[in-house]
Number of protein chains: 2
Amino acid sequence: MSADLTRNQTLVMKTLSGAEAPLSAYTILDRLRDDGLRAPLQVYRALDKLTEMGLVHRLESLNAFVACAHPNCHQQELIAFAICETCGKVEEFSDEVVKDRLDGWTRAHSFRPAKTTIEIRGNCGGCVGKA
Amino acid sequence: MSADLTRNQTLVMKTLSGAEAPLSAYTILDRLRDDGLRAPLQVYRALDKLTEMGLVHRLESLNAFVACAHPNCHQQELIAFAICETCGKVEEFSDEVVKDRLDGWTRAHSFRPAKTTIEIRGNCGGCVGKA
DNA sequence: AAGGATATGTAATGTCATAACATTCAAGCC
DNA sequence: GGCTTGAATGTTATGACATTACATATCCTT
Ligand SMILES: [Zn+2]
Ligand SMILES: [Zn+2]
Ligand SMILES: [Zn+2]
Ligand SMILES: [Zn+2]
């Protein structure tokens, strides 16, 4: 399994796990002032490691981070995110057909993919109508 | 067709059209100093309009902008980007199957999508090996 | 000419992320 | 124990991306 987390990584992980919506690095920092964190870099370093371990995802269209909803389940597959712009809730899912189609395109174009981002922004079922 | 562009929109559009790779708003600003632009907002406002018109795309994973490769061709469809991290070249493409699969997921989950981002980062055929 | 909508100019500020350097900590070896 | 070494941490400063707020100008319609 994955190695134990360090102190700062544990603090950041707990903050993200307890959050209802994605958090920016600076929001995480604010919530951890009382635990001794003072500088952005302390949070960014923890986020980097947690992301490497697959415990946290970065949402590119939000410049924010979420705890993985299925830790240790989708180590290497393609993940898509549905992000509600009203309540902030994020759903993760994978789709083999989407993956195959994108893989097909990259192969056909001799493109070597390193990281793929799929983010759908909109409103979740509970928020449609309220927005 | 689309309305004529304003002065600032024209300047920004020309800069992006002539670029080999995505440009950040501040890079665009730097290239337009001699044309009288002084503040980021002048560029951001033009980019907003150009994006609305479909002439420019924002790359979320890069915080940068590119001229559309197929203006007036894909007004409303889902667009995917393959971005070379070595040479910066960006390829746009659409895939109906990917669109259908993502639409299927959102319908099944009562999610109302507003904007979908698909960005594949990696290395293009010409750059594989050099990186 | 008057009014309203759109576009522009400018300064200040807010938000996100990293560089550079010093210090501390834990583990393995002599 | 005392040493080395690599990882993690702490701190300051800076860089990069984006928006708020307000003033002014321009264009189009009446
Ligand atoms: Zn996940
Ligand atoms: Zn919602
Ligand atoms: Zn396009
Ligand atoms: Zn390339």
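Each chain gets a letter, A, B and so on, in the order the sequences are listed, and its residues count up from 1.
- Taking 4.0 Å as the cut-off between side-chain N and carboxylate O, A:Lys99 and A:Asp103 count as a salt-bridged pair.
- Across all strands shown, A:Arg7 has heavy atoms under 4.0 Å from sugar-phosphate atoms exclusively, and none from any base.
- Taking atom CD on B:Glu52 and atom P on C:dT6, their separation rounds to 11 Å, with Å as the unit.
- Per the geometry, OH belonging to B:Tyr44 stands 18 Å off P belonging to C:dT10, to the nearest Å.
- Across the protein-nucleic acid pair, A:Phe65 atom CZ and C:dT15 atom P stand 16 Å apart, rounded to whole Å.
- Looking at the side chain of A:Asn63, the nearest of the listed nucleotides D:dG10, C:dA11, C:dC16 is C:dC16.
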**Request:** Step by step, work out the side-chain contact (heavy atoms from CB on, under 4.5 Å) result for B:Asp95 and B:Ile118.
**Result:** CA-CA 11 Å; B:Asp95 187 299; B:Ile118 302 182; over 6 Å; no
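- Distance B:Leu47 CG to D:dT19 C1': 14 Å, rounded to the nearest Å.
- Taking the 5.5 Å centre cut-off and the 30° plane limit, the aromatic side chain of B:Tyr26 is classed as stacked on D:dC17.
- Relative ring orientation between A:Tyr44 and A:Tyr26 is described as perpendicular, the plane-to-plane angle rising above 60° on a 0-90° scale split at 30° and 60°.
- Distance from the side chain of A:Arg38 is smallest to D:dT11 among D:dT11, C:dA11, C:dA17.
- Comparing C:dA17, C:dA20, C:dC16 against the side chain of A:Ser24 picks out C:dC16 as the nearest.
- Set against D:dA18, D:dT11, C:dG9, the side chain of A:Gln42 has D:dT11 as its closest nucleotide.
- Within 6.0 Å of atom CZ in B:Arg112, 12 or fewer heavy atoms from other residues, nucleotides or ligands are found, so the atom counts as exposed in its surroundings.
- Classification of A:Lys115 and A:Glu60 as a salt-bridged pair holds, one side-chain N sitting under 4.0 Å from a carboxylate O.
- Set against D:dA8, D:dT11, C:dT10, the side chain of A:Arg45 has D:dT11 as its closest nucleotide.
- Counting non-hydrogen atoms under 4.0 angstrom, A:Ala25 reaches nothing in the nucleic acid.
- In this structure, A:Leu11 atom CG and D:dG10 atom P are separated by 9 Å, rounded to whole Å.
- Closest approach to the B:Asn8 side chain among D:dC17, D:dT12, C:dT8 is made by C:dT8 (side chain taken as heavy atoms from C-beta onward).
- Counting only heavy atoms from C-beta on, A:Thr6 has its side chain closest to D:dT9 among D:dT9, D:dA18, C:dC16.
- Checking D:dA21, C:dA17, C:dT18 against the side-chain heavy atoms of B:Leu41 singles out D:dA21 as nearest.
- Taking 4.0 angstrom as the limit, A:Lys49 places none of its side-chain polar atoms (N or O) nearer than this to OP1 or OP2 of D:dA7.
- A straight line from CG of A:Leu62 to P of C:dT15 spans 15 Å, rounded to a whole angstrom.
- At least one side-chain nitrogen or oxygen of A:Arg58 sits closer than 4.0 Å to the OP1 or OP2 atom of C:dA17.
- For the pair A:Leu5 CG and D:dT9 C1', the interatomic distance rounds to 16 Å; values are reported in whole Å.
- Per the geometry, CG belonging to B:Asp48 stands 14 Å off C1' belonging to C:dT8, to the nearest Å.
- Atom CG of B:Leu37 is separated from atom CG of B:Leu11 by 5.5 Å, given to the nearest 0.5 angstrom.
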